[in-house]
Amino acid sequence: MTKTLSDRGNTTPHYLILDGLRGVAACAVLVYHLFEAIAFAAGNPFQQMYHGFLCVDFFFILSGFVMGHAYDARWTNMGVKRFLTVRLIRLHPMVVMGVLIGLVAFCVQGCVRWDGTQVPIGDLITCLLLSLFILPSMGRLDVRGNTELFSLNGPHWSLFFEYIGSLLYALTLHRLSTRKLSAVTICAALAMCAWAVAMTDGSIATGWSSSPVNATGGLLRMLYGYSMGLLMARLFRSREKDAGTSSWSLPVCGLVLLLLVCVPHFDVPHFNLLFQLLCVWIAFPLLVWCGAKGHVSAFMASACNWLGRLSYPLYAIHYPFIYLYIHWINQGRMPFGCSDWMVAVALFVGCVMLALVIAVGYDEPVRRWLQRVLLRRQK
């Protein structure tokens, strides 16, 4: 059996190994940000998990694949309004939770920017309202003063582009023939490469900043990832009856993903960019494909299920704690008198546990309630 069906109100297959890989990638993002903070403390510009940001590109490809597989074949029964409502229910409860945790963390830091200036209460409230509606806060509303699109919770930039990707899918991408979708994917890949060569120091690690160049990079990363994922879903659907891969797909694919993002910084000009493009153009699509074809044992299914439930809450809520960690480092004092590494390990464990609690106690119940309230009205 190459896939596991999930009773979620539709007949499309639910691929548990892809849930597991999403959880592995979310944990890798957390470790990447922890290493980033430790590297900052040591004055080292290159941290131990230098290519951890590529997990975002993996998320984009995975989202496109899952979206195409779930909705392409039943779009006539879906429609734009219902689809966007489904996406809102899936994404927004954790957006709200992440923003609120980010607000608390910012208040704990004293409501000051990184340069020490006090933030007016009106600017903070406006930033909060914009963030709750996943709208960027720029200029004087950038309350941390780090040019982030979402200064209360920086990684929400990728969720902002997830919304844009969902909108593009609903309005345009799902209508394209496979040939036209292939052309869009190739053009997006080439545009991302040309943009990175011309506009950056040799990396696609952009999208988080309000700088036009940086934000453009994030848009291109999303457009390529979504298009590639959607294209793969169409090709995969025509080959679903082919033989599946090993029942070891999760540990093997997960290990490969971790090894790729742990590849260190290259000193040779543009080697980093070449490696990153090879990951997002070849390696990540192959990992998604192998994960979708993999078998799952009972134990593996349980592990994949919990990793999948953990993944989005962990991604959405972890970064405010990184802000606090960097703040303590800046102040020259660590909480409870611990070392940098001891606090980093405690933060990892604490964020994972908190994400699981939020997933079970908040995200899933709220989404079930929203499904009853919002989707029933559209029937």
Side-chain angles (χ1 to χ4, degrees), residues 26 29-30 32-41 47 52-53 55-56 59-60 91-165 200 203-219 221-222 312-331 347 351 354-355 358:
V29 169
L30 172 55
Y32 166 72
H33 285 142
L34 286 169
F35 277 140
E36 196 172 49
I38 293 171
F40 170 83
Q47 53 124 310
F53 62 86
C55 289
V56 173
F59 288 143
F60 285 147
L91 295 174
H92 217 74
M94 283 311 308
V95 168
V96 172
M97 177 60 73
V99 169
L100 294 179
I101 292 176
L103 176 66
V104 172
F106 187 65
C107 292
V108 169
Q109 290 177 236
C111 296
V112 294
R113 292 185 169 88
W114 290 120
D115 62 5
T117 59
Q118 195 72 30
V119 175
I121 186 64
D123 290 352
L124 179 57
I125 292 174
T126 305
C127 175
L128 171 64
L129 293 176
L130 289 172
S131 300
L132 288 172
F133 288 96
I134 203 71
L135 295 173
S137 50
M138 298 176 285
R140 59 180 287 181
L141 300 179
D142 173 17
V143 295
R144 290 190 179 275
N146 196 32
T147 74
E148 293 172 288
L149 282 173
F150 295 90
S151 52
L152 289 178
N153 199 327
H156 280 196
W157 71 266
S158 63
L159 303 182
F160 171 67
F161 285 116
E162 283 270 0
Y163 272 91
I164 294 177
T200 75
S203 174
I204 63 171
T206 53
W208 58 272
S209 172
S210 58
S211 161
V213 170
N214 195 290
T216 299
L219 181 63
R221 291 171 73 185
M222 178 279 296
Y312 181 41
L314 180 61
Y315 184 81
I317 62 96
H318 78 278
Y319 207 70
F321 299 100
I322 303 297
Y323 286 135
L324 290 175
Y325 185 33
I326 295 174
H327 173 72
W328 279 314
I329 292 174
N330 262 337
Q331 299 296 314
L347 273 178
C351 285
L354 179 61
I358 289 175

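One is the number of the first residue; the rest follow in order along the sequence.
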In terms of heavy-atom contacts, Ala37 and Ile322 come closest through CB-CG2, 4.5 Å
Can you tell if the side chain of Val29 reaches within under 4.5 Å of the side chain of Leu314, non-hydrogen atoms only?
no
Tyr315-Phe59 aromatic ring centre distance below 6.0 Å:
yes
pair Pro320-Phe106: side-chain heavy atoms closer than 4.5 Å:
no
Would you say the side chain of Val56 lies within less than 4.5 Å of the side chain of Trp157, judging by non-hydrogen atoms?
yes
Could you tell me the separation between the CG atom of Asn153 and the CG atom of Leu159, rounded to the nearest 0.5 Å?
8.0 Å
Step by step, would you call Val119 with Val112 a side chain to side chain contact (heavy atoms under 4.5 Å, CB included)?
CA-CA 6 Å; Val119 175; Val112 294; 5.8 Å; no
How close do Gly165 and Met222 get, counting heavy atoms only, and between which atoms?
CA-SD, 3.5 Å
Contact check, side chains of Trp208 and His156, non-hydrogen atoms, under 4.5 Å
no
Which distance, rounded to the nearest 0.5 Å, do you find between the SG of Cys127 and the CG of Leu132?
9.5 Å
Looking at Tyr323, I'd like to know if the NZ or CZ of Arg144 sits under 6.0 Å from its six-membered ring centre while staying within 45 degrees of the ring's axis.
yes
Val104 side chain reached by Leu100 side chain, heavy atoms, under 4.5 Å
no
Taken to the nearest 0.5 Å, the spacing of Leu128 CG from Asp123 CG works out to 12.5 Å
Can a donor-acceptor pair be found between the side chains of Gln118 and Arg113 at a distance below 3.5 Å?
no
Of all heavy-atom pairs between Cys111 and Leu124, which one has the smallest distance, and what is that distance?
SG-CD2, 4.0 Å
Check: Asn146 side chain, Glu148 main-chain N or O, donor-acceptor pair, under 3.5 Å
no
Within a strict 4.5 Å, meaning less than it, do heavy atoms of the Met94 and Ile358 side chains meet?
yes
Side chain to side chain contact (heavy atoms under 4.5 Å, CB included) between Val95 and Phe133: does it pass, once the steps are laid out?
CA-CA 8 Å; Val95 168; Phe133 288 96; over 6 Å; no
OG of Ser151 to CG of Asp142: how many Å apart, nearest 0.5 Å?
4.5 Å
Walk me through it: do His92 and Tyr163 pass the test side-chain hydrogen bond (donor to acceptor under 3.5 Å, both in side chains)?
CA-CA 10 Å; His92 217 74; Tyr163 272 91; 2.7 Å; yes
What distance do Leu135 atom CG and Thr126 atom OG1 have between them, rounded to the nearest 0.5 Å?
12.5 Å
Does either side chain, that of Thr147 or that of Ser209, offer a donor lying less than 3.5 Å from an acceptor on the other one?
yes
Any side-chain heavy-atom pair of Tyr319 and Leu30 under 4.5 Å
no
So which atom in Pro155 and which in Ser158 form the shortest heavy-atom distance, rounded to 0.1 Å?
O-OG, 3.0 Å
Which atom names give the shortest non-hydrogen contact between Trp114 and Gly145, and what distance separates them?
CD1-C, 4.5 Å
Side-chain donor or acceptor of Asn214 paired with backbone N/O of Thr206 under 3.5 Å
no
Is the shortest heavy-atom distance from the side chain of Val99 to the side chain of Phe150 under 4.5 Å?
no
I need the Ile164 CD1 to Glu162 CD distance, nearest 0.5 Å.
10.5 Å
With no hydrogens and no angle check, just 3.5 Å: does a side-chain donor-acceptor pair link Tyr325 and His33?
no
